[in-house]
Amino acid sequence: MSSTGSPTGFYTGLIGTVYAAAISEQRFGEDRLFTGLVARADGTALELGSGTGRLLLRLLAAGHRVHGLELSAEMTALCRA
């Protein structure tokens, strides 16, 4: 839990905006693994903690069926922007 008393409080305001901008174009080692798993899924995949949608939006753009779940309203808003 963050110092704000909220488990999602760290990614708010300027920190959330800077974080989103810093990782938006990055590719992480596990991205290939997750993309492969989603491609082989028989149904819709669920990304837990989807944040700003960095991976979620790429999966959707590639035509995969996937939903994202994010507790932070601010991170969800950045994903939808």
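Worth knowing before you read on, the calculation uses all heavy atoms, side chains too, and leaves out hydrogens, waters and symmetry mates. These numbers come from a predicted model, not from an experiment.
- For the pair Cys79 and Gly51, the tightest heavy-atom approach, listed with the atom from each and the gap, is CB-O, 3.8 Å.
- Atom NE2 of His67 is separated from atom CG of Leu60 by 9.0 Å, given to the nearest 0.5 angstrom.
- Put simply, Leu56 and Met75 are part of two different groups of oily side chains (I, L, V, M, F, W, Y) that touch within less than 4.5 Å, one to the next.
- Hydrophobic clustering keeps Leu55 apart from Leu48 (ILVMFWY residues linked when any side-chain heavy atoms are closer than 4.5 Å, directly or through intermediates).
- Taking each heavy atom of Glu47 and Val66 in turn, the nearest pair found is N-CG2, 4.3 Å.
- Scanning all heavy atoms of the two residues, the minimum distance from Glu70 to Ser50 falls at OE1-N, 3.4 Å.
- Side-chain contact check for Thr52 versus Leu57: every heavy-atom pair is 4.5 Å or farther apart.
- Taking every heavy atom of both residues into account, Val38 and Ala45 meet most closely at CG2-CB, 3.8 Å.
- By the rule that hydrophobic residues join a cluster once side-chain heavy atoms approach within less than 4.5 Å of another member, Leu59 and Leu37 end up as members of one cluster.
- Annotation: the span from Asp31 atom CG to Arg54 atom CZ amounts to 4.0 Å, rounded to 0.5 Å.
- Arg80 places no side-chain N or O within donor-acceptor distance of the main-chain N or O of Thr76, the cut-off being under 3.5 Å.
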